[in-house]
Every structure is written in structure tokens, then in C-alpha cells.
Amino acid sequence: MFKWFYRFGVVIILISLFLLGVNWYVSKYAENDVYDSIDDLPEVRVGLVLGTSNRVSDGRPNIFFLRRIDAGVELYENGKVEKLLLSGDNSTLEYNEPEMMKEAFIEAGIPEEDLVLDYAGFRTLDSVVRAAEVFGVEEMIVVSQKFHTERAIFIARNIGIDAYGYNADSPGFEMAPRVFVREVFARVYLVWDLFINDTEPKFLGDEIEV
């Protein structure tokens with residue numbers, strides 16, 4: 001019985017080290033390309049805003065969504081980008097992240113003609129790859145919370161996009177523990193997608209000029 005507990009403990013330790021190692025590597029890889037200060041960002045044509053729901057399950061406003069909108073507005077108003085590519089999930093008629101973002105940006109004063117919607121950003125991988133292959137983006141600033149921008153930058157740089165990240169303010173772990181735990185496993189899945197399975201977006205389609 002002791003041997004089984006010992007082996008189980010060893011396995012748990014190895015899995016934990018693997019998870020921590022992958023997460024450290026993704027953060028380390030992206031650390032020079034993600035920014036908290038808008039003044040440090042270069043000026044590019046396109047900002048990619050990664051989608052999430054505007055409400056949490058109990059109906060309250062989603063702080064992650066609100067802060068991404070704030071960050072996108074900052075980019076645009078400070079002349080860091082000319083266009084905002086809003087990429088998110090629109091898998092059903094009732095759920096449309098790009099439209100949620102569009103409405104919020106228009107309400108914040110961003111001209112509608114400078115908002116481009118990607119309705120097939122079902123995952124971060126889809127959003128980043130489609131930015132390049134569908135919308136022709138070669139250089140961009142990704143907008144999301146730091147843990148998310150790091151992962152997006154990792155994807156972008158590994159598929160040849162010159163990408164930077166602008167970190168929207170983020171709630172702490174205590175406010176959204178499931179989000180941060182999910183990110184740990186999302187980064188491991190990322191390694192599978194990029195280096196083992198060569199995963200493609202769910203949809204590509206015709207090219208669209210931004």
C-alpha cells in the first residue's frame with residue numbers, strides 16, 4: 001500500500017512540475033512583448049481585442065470584459081492603433097461576444113467604421129490565427145488581461161505575427177479563481193495545439209481587409 005501512495009505522490013509531483021514549467025515558459029517567452037504602460041507600446045495599425053462575455057453567470061457585469069474595453073479605448077484614443085479587431089465567440093444566435101464588444105466601444109465613443117468584427121474567435125488560437133490568415137494582420141497589439149495576453153503573444157510569435165500585448169487591469173485570484181486555474185491548463189493545451197497537433201481554427205473563410 002505504501003508503494004502505491006509513494007508512486008501516486010511521485011506522479012502528482014511530476015504533473016505539477018510539468019504544469020508549472022509550461023506556465024513559466026509561456027510567461028517568460030512573452031515577457032518582453034507585454035506592457036502595462038501604454039506609453040511603452042509601439043504604434044501599429046490593428047489592436048486585437050479578445051472576447052469574453054459582458055456578464056457573469058449571475059447577471060452581474062463581467063469585470064474582465066469591462067477592463068478590456070477600457071484598455072481598447074485607451075489604445076485607440078492614444079493613437080496606438082487605427083482599427084480594433086473584435087474577436088470572440090458567436091456560436092449561437094443568442095450569444096455574440098463581438099457584438100457585445102462593438103456596442104461597448106461605440107458607447108465609449110469609438111467610431112463604428114474603425115471596429116472590425118471576427119465572429120469565429122471561438123478560442124484564443126482561432127482569434128490569433130484568423131487575425132493573420134483571414135484579416136491579413138502582420139503586426140498587432142493584443143488586448144486582454146496579462147495571463148491571457150501572454151498566451152496570445154506566444155501563439156502569435158510562433159506563427160510569425162509581430163505582436164505586442166497591452167494588459168488590461170485584472171481582478172485578483174481571490175475574485176476569479178476558476179479563471180486563473182483554467183489558464184494553467186489552457187497553456188498546456190496550447191503546447192499540444194502548436195507543437196504536436198498543428199491545430200487549425202474551426203473556421204477560416206475568405207480574406208477580409210482590415
Side-chain angles (χ1 to χ4, degrees), residues 15-36 40-42 44 46-53 62-72 75 81 84-89 91 97-98 101 118 120-135 137-173 175-203:
I15 291 174
S16 299
L17 289 174
F18 175 72
L19 292 173
L20 291 171
V22 169
N23 276 264
W24 175 85
Y25 180 68
V26 171
S27 294
K28 189 68 177 177
Y29 183 95
E31 68 176 356
N32 293 326
D33 296 313
V34 295
Y35 298 89
D36 295 312
D40 297 330
L41 283 164
V44 303
V46 177
L48 172 65
V49 186
L50 297 175
T52 187
S53 176
N62 183 353
I63 193 69
F64 290 95
F65 176 91
L66 296 175
R67 295 298 173 260
R68 291 180 199 183
I69 300 301
D70 290 343
L75 280 184
V81 297
L84 291 172
L85 175 56
L86 315 180
S87 183
D89 187 349
S91 53
E97 290 178 352
M101 290 190 283
D118 175 14
F122 303 113
R123 300 171 53 206
T124 305
L125 177 79
D126 296 56
S127 295
V128 173
V129 175
R130 282 176 55 81
E133 297 191 13
V134 175
F135 295 92
V137 175
E138 297 178 353
E139 185 179 36
M140 66 184 180
I141 296 172
V142 179
V143 177
S144 190
Q145 278 70 31
K146 183 178 181 180
F147 63 85
H148 199 190
T149 57
E150 289 175 342
R151 177 156 51 94
I153 296 305
F154 188 90
I155 297 170
R157 292 282 177 177
N158 274 282
I159 65 170
I161 303 177
D162 192 12
Y164 309 90
Y166 183 46
N167 299 325
D169 288 342
S170 177
F173 177 85
M175 290 184 64
R178 285 186 295 179
V179 173
F180 290 92
V181 171
R182 186 172 66 235
E183 179 65 21
V184 172
F185 294 96
R187 292 185 176 197
V188 174
Y189 198 17
L190 169 62
V191 172
W192 167 265
D193 281 337
L194 286 180
F195 305 122
I196 300 174
N197 195 49
D198 195 23
T199 304
E200 291 288 330
K202 187 174 182 179
F203 296 113

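None of the values given here were measured: they were computed from a predicted structure.
Contact annotation: the side chain of P171 approaches that of F64 to within less than 4.5 Å [non-hydrogen atoms, C-beta and beyond]. A heavy-atom distance below 4.5 Å is not found between the side chains of L75 and V49. Put simply, the side chain of V137 does not reach to within 4.5 Å of the side chain of L48, judged on heavy atoms. Contact check for I69 versus M101: side-chain heavy atoms found under the 4.5 Å cut-off. At least one side-chain heavy atom of R182 sits under 4.5 Å from a side-chain heavy atom of V179. Counting heavy atoms from C-beta outward, V128 and M140 have side chains that approach closer than 4.5 Å. Side-chain contact check for F18 versus V188: some heavy-atom pair is nearer than 4.5 Å.
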Working for salt bridge (Lys or Arg N to Asp or Glu O under 4.0 Å), residues D162 and R157
CA-CA 6 Å; D162 192 12; R157 292 282 177 177; 2.9 Å; yes
Decide side-chain hydrogen bond (donor to acceptor under 3.5 Å, both in side chains) for S53 and N62; before the verdict, give the C-alpha distance in whole Å, the side-chain angles of both, and the deciding distance to 0.1 Å.
CA-CA 7 Å; S53 176; N62 183 353; 5.4 Å; no
Is there a side-chain contact (heavy atoms from CB on, under 4.5 Å) between V44 and V81 once you walk through the steps?
CA-CA 5 Å; V44 303; V81 297; 4.0 Å; yes
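A donor-acceptor contact shorter than 3.5 Å links the side chain of N23 to the backbone of V184. R67 places no side-chain N or O within donor-acceptor distance of the main-chain N or O of D169, the cut-off being under 3.5 Å. Remark: the backbone N or O of K202 is paired with a side-chain donor or acceptor of D126 at under 3.5 angstrom. The closest donor-acceptor contact from the side chain of R187 to the backbone of Y25 lies at 3.5 Å or more, if one exists at all.
Atoms OG1 and CG, from T149 and D33 in turn, are 10.0 Å apart once rounded to the nearest 0.5 Å. Here I153 contributes atom CD1 and T124 contributes atom OG1; the two are 11.5 Å apart, rounded to the nearest 0.5 Å. To the nearest 0.5 Å, atoms CD1 (I159) and CG (L125) are separated by 7.5 Å. Here CD of E183 is found 8.0 Å from CD of E150. Values are rounded to the nearest 0.5 Å. In this structure, CG on L50 lies 10.0 Å from CG on D118, to the nearest 0.5 angstrom.
Nearest heavy atoms, A71 versus V143: CB-CG1, 3.6 Å. Pairing each heavy atom of A132 with each of I161, the nearest pair is CB-CD1, 3.5 Å. Pairing each heavy atom of S127 with each of G121, the nearest pair is OG-CA, 3.4 Å. Between N167 and K146, the shortest heavy-atom contact is OD1-CA, 3.3 Å.
Other residues, nucleotides and ligands contribute only 12 or fewer heavy atoms inside 6.0 Å of the CD atom of E138.
Ring geometry, F195 versus F154: the interplanar angle exceeds 60°, so the pair is classed perpendicular (tilted spans 30 to 60°).
Geometrically, R123 engages Y189 in a cation-pi contact defined by less than 6.0 Å to the ring centre and at most 45° from the axis. A cation-pi contact, defined as under 6.0 Å to the ring centre and within 45° of the axis, is absent between R151 and Y29.
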